[in-house]
Number of protein chains: 2
Amino acid sequence: MATIKDVAKQAGVSVSVVSKALNDYEDINDKTKKRILKIAEELNYTPNLAGRNLSSKKRMTIGLISSAVFNTNKKDTNAYEVIKGIYTGVDEEQLELAIFLMDSQKQKQKSYTQFCRERNIGGAILHGLRTDDPYFKELLDTNIPCVNIDFRTDSQAENVGSVAIDNKTAGEEMADHLLTRGHRDIAIMAGTEETFVNIERLQGVKQGFEKHNVDFPESAVLYADFSEEKAYELAKDYLAEHRPTAFLCFSDLMVYGVMKAVTEAGLKVPDDLSLIGFDDIPFSAITHPPLTTVHQDFFEIGRQAAKLLMDIMKDYHFENHVVVDHELIERESVKDLNES
Amino acid sequence: MATIKDVAKQAGVSVSVVSKALNDYEDINDKTKKRILKIAEELNYTPNLAGRNLSSKKRMTIGLISSAVFNTNKKDTNAYEVIKGIYTGVDEEQLELAIFLMDSQKQKQKSYTQFCRERNIGGAILHGLRTDDPYFKELLDTNIPCVNIDFRTDSQAENVGSVAIDNKTAGEEMADHLLTRGHRDIAIMAGTEETFVNIERLQGVKQGFEKHNVDFPESAVLYADFSEEKAYELAKDYLAEHRPTAFLCFSDLMVYGVMKAVTEAGLKVPDDLSLIGFDDIPFSAITHPPLTTVHQDFFEIGRQAAKLLMDIMKDYHFENHVVVDHELIERESVKDLNES
DNA sequence: CTGTTAGCGCGTTCAT
DNA sequence: ATGAACGCGCTAACAG
């Protein structure tokens with residue numbers, strides 16, 4: 001493989017001139033620059049990244065640190081879309097992406113900071129980490145730029161950002177959707193209690209109830225940790241003693257669990273019981289019935305995270321927290337009680 | 001961040017001794033080794049990968065070159081599982097994973113060989129590439145170890161391997177499953193014609209027909225390029241003129257397309273028409289009806305690909321082509337015609 | 001067993 | 001505008 005030396009020799013100049021030609025320096029003759037570029041092309045030269053990484057002050061690689069990939073149900077492809085988005089964003093600016101994935105098992109295996117140092121990482125995108133994760137805090141305390149996905153810290157640090165949809169508003173819209181259609185006995189299948197998105201969505205739902213002057217049913221809030229199985233169990237138990245007209249779920253996956261329990265109870269969706277979900281994972285459009293749910297553009301979330309991080313790294317950003325659009329998609333899992 | 005120099009200084013030895021201590025060399029005093037390791041620990045030292053990469057002959061990073069990620073339907077999570085498997089395998093041997101993704105658009109943007117050279121990559125896993133891709137051939141022609149997923153070259157090269165299920169046998173099992181249950185008018189929804197897996201599966205299906213002494217319906221073979229939409233279109237057209245008792249599909253995604261056409265034609269699955277698929281993507285278990293399909297363990301395929309590649313890189317392998325188990329999962333989309 | 005030296009491929013001063 | 005020299009952090013020969 002051709003090195004910078006080969007190009008220099010071929011061009012009859014020193015390596016430093018070649019380096020300057022390649023890196024768009026000003027103090028170089030235009031003709032020699034073109035000549036060098038041409039020779040580099042001919043020799044099929046591309047700079048070795050390890051060499052560049054070592055000598056350059058510029059950090060060219062971005063880290064993705066995620067527990068979302070291995071901690072989720074096989075049907076949950078959200079993290080997949082996020083990664084694609086991140087890759088796309090990083091790729092657009094010709095940077096490298098280094099990936100660090102873990103599950104709860106090896107959560108404590110290696111410090112994220114260490115991961116970043118080892119690779120000369122210039123900034124990291126954090127996805128699915130627990131806020132009480134010590135390594136998470138450690139990383140936030142370094143001056144390595146970070147962007148959190150689906151989580152917003154109070155940290156006023158200039159180099160920490162976040163990307164998410166407006167979960168609160170989305171929660172309010174869900175409640176409004178149900179309430180407007182006459183539902184009054186609503187059970188809430190929430191996610192993991194301490195989680196940022198869960199807190200936001202729940203607040204939003206409460207706001208929705210307030211606007212409609214309906215008492216919020218505190219006792220009808222179930223926490224299923226975003227798990228399909230757990231949602232199934234909880235719904236089954238709940239249905240044994242109650243008969244709500246609707247379940248408001250904080251993820252489509254939990255809707256599937258609930259739907260199973262509903263079906264087993266001999267009830268029909270949406271005739272006997274309505275269901276509204278969150279995420280709009282691809283299959284929610286073809287379930288029976290198709291799901292009414294809040295659509296999240298995970299690809300865009302990932303892409304925006306990459307863009308924000310790169311902006312922070314370049315010290316060229318106006319806002320540390322970007323909000324991606326969401327949309328409540330109305331399909332066929334919610335019945336309008338006013339019509340019957 | 002602590003460098004090897006800091007450790008050396010602290011330990012009162014030269015850097016080379018530290019290097020040897022860290023890399024398990026023999027010719028080093030056990031006590032000093034332990035002392036160095038302890039100090040490294042205290043200083044929270046971890047070697048910089050760029051430095052190591054540059055000086056070491058050993059290649060520590062593996063490349064994943066895939067067009068499968070961006071070329072597929074959102075419902076298709078096969079490539080996601082493959083990546084998880086690869087990551088897991090690579091991680092187990094403490095190597096790095098560098099990822100190169102492309103879609104058909106930027107297919108020609110950058111040479112895979114170049115990608116590998118730039119990063120001092122020791123071996124690459126290839127997924128979803130077209131066999132007529134010039135960069136694919138170029139890479140195979142270097143002496144960089146390669147493992148193909150779902151594709152087997154004739155190349156007898158020692159450093160080229162492959163991982164896949166036994167697609168031929170799987171195809172035969174599918175045909176057998178249908179034929180045994182009395183189906184005689186079977187349409188085949190095949191994938192992309194020139195594709196390796198497609199060819200293998202088709203051969204297998206033909207073998208199945210032969211074993212049952214049933215003429216293979218050449219004219220009933222449709223090629224839908226593994227696309228849900230295309231399968232829908234083709235099935236719709238086909239159903240306008242024919243009424244087979246079953247569709248044998250080379251992917252679950254295509255089953256979904258066919259199912260849509262079937263439903264629109266006013267037919268019921270499996271009562272009026274049986275469906276058998278391939279892949280067993282997560283949602284095929286909860287469709288209506290649940291799908292009978294050939295289960296592929298994509299995670300394991302990815303993991304085996306990583307393992308095989310690392311074995312080839314260590315020059316410690318006995319077989320260049322590994323076959324991962326598959327299983328025909330019987331659910332409810334195939335009707336037994338003998339019973340009626 | 002340890003230290004010295006060289007070099008991996010590149011970016012970056014600082015002279016010239 | 002160009003080149004010489006240095007260093008990034010590390011491994012690898014080789015000498016002692």
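Proteins come first, then strands; the chains are lettered A, B, ... in the order of their sequence lines, and each starts at number 1. It should be emphasised that the depicted structure is a prediction, and the values quoted were computed from it without experimental measurement.
Contacts of A/Thr113 classified as side-chain hydrogen bond (donor to acceptor under 3.5 Å, both in side chains), with partners at least two apart in sequence or in another chain: A/Glu138. Remark: B/Asp311 engages no residue in a side-chain hydrogen bond (donor to acceptor under 3.5 Å, both in side chains) (not counting sequence neighbours). A/Glu42 pairs by the salt bridge (charged side-chain N to carboxylate O under 4.0 Å, His left out) definition with A/Lys38, not counting sequence neighbours. Applying the salt bridge (charged side-chain N to carboxylate O under 4.0 Å, His left out) rule to A/Glu158 yields no partners; only residues at least two apart in sequence or on another chain are considered. Judged as a salt bridge (charged side-chain N to carboxylate O under 4.0 Å, His left out), and not counting sequence neighbours, B/Lys74 has no contacts. Residues passing the side-chain hydrogen bond (donor to acceptor under 3.5 Å, both in side chains) test with B/Asp30, sequence neighbours excluded: none. Annotation: side-chain hydrogen bond (donor to acceptor under 3.5 Å, both in side chains) contacts of B/Glu81 (sequence neighbours excluded): B/Lys84.
Distances shown here put a side-chain N or O of B/Lys5 below 4.0 Å from the OP1 or OP2 atom of D/dC8.
Look at CG on B/Leu22: it is 15 Å from P on D/dG9, rounded to the nearest Å. Per the geometry, CD belonging to B/Glu26 stands 16 Å off P belonging to D/dT11, to the nearest Å.
Between the side chain of B/Ser111 and the main chain of B/Gln114, a donor-acceptor pair closer than 3.5 Å is present. In this structure, the side chain of A/Arg35 engages the main chain of A/Ala11 through a donor-acceptor pair within 3.5 Å. B/Glu319 places a side-chain N or O within donor-acceptor distance of the main-chain N or O of B/His321, the cut-off being under 3.5 Å.
Two end axes, each from the C1' atoms of five base pairs, can be drawn for the helix from C/dC1-D/dG16 to C/dT16-D/dA1; they diverge by 40°, to 10 degrees.
Think of the region where chain B sits on DNA chain C: with heavy atoms and a 4.0 Å cut, that region ends 5' and 3' at C/dC1 to C/dG9.
For residues 5-25 of chain A, the set of pairs meeting the salt bridge (charged side-chain N to carboxylate O under 4.0 Å, His left out) definition, not counting sequence neighbours, comprises A/Lys20-A/Asp27, A/Asp24-A/Lys33.
Annotation: side chain of A/Ile62 is not in contact with side chain of A/Glu96 (no heavy-atom distance under 4.5 Å).
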Shorter than 3.5 Å, N or O on both sides, protein versus nucleotides 2-4 of chain D: list them out with atom names.
unit_1: D/dT2; atom_1: OP2; unit_2: A/Asn29; atom_2: N; d: 3.0
unit_1: D/dT2; atom_1: OP2; unit_2: A/Thr32; atom_2: OG1; d: 2.9
unit_1: D/dG3; atom_1: OP2; unit_2: A/Ser14; atom_2: N; d: 2.8
unit_1: D/dG3; atom_1: N7; unit_2: A/Ser16; atom_2: OG; d: 2.9
unit_1: D/dG3; atom_1: O6; unit_2: A/Lys20; atom_2: NZ; d: 3.2
unit_1: D/dA4; atom_1: N6; unit_2: A/Ser16; atom_2: OG; d: 3.3

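Using a 4.0 Å cut-off between charged side-chain N and carboxylate O, A/Arg52 and B/Glu118 make no salt bridge.
Scanning residues 45-65 of chain B for heavy-atom distances under 4.0 Å to DNA chain C yields B/Leu54, B/Ser55.
Among the heavy atoms of the strands lying under 4.0 Å from A/Ser19 is at least one base atom, whether or not backbone atoms are also near.
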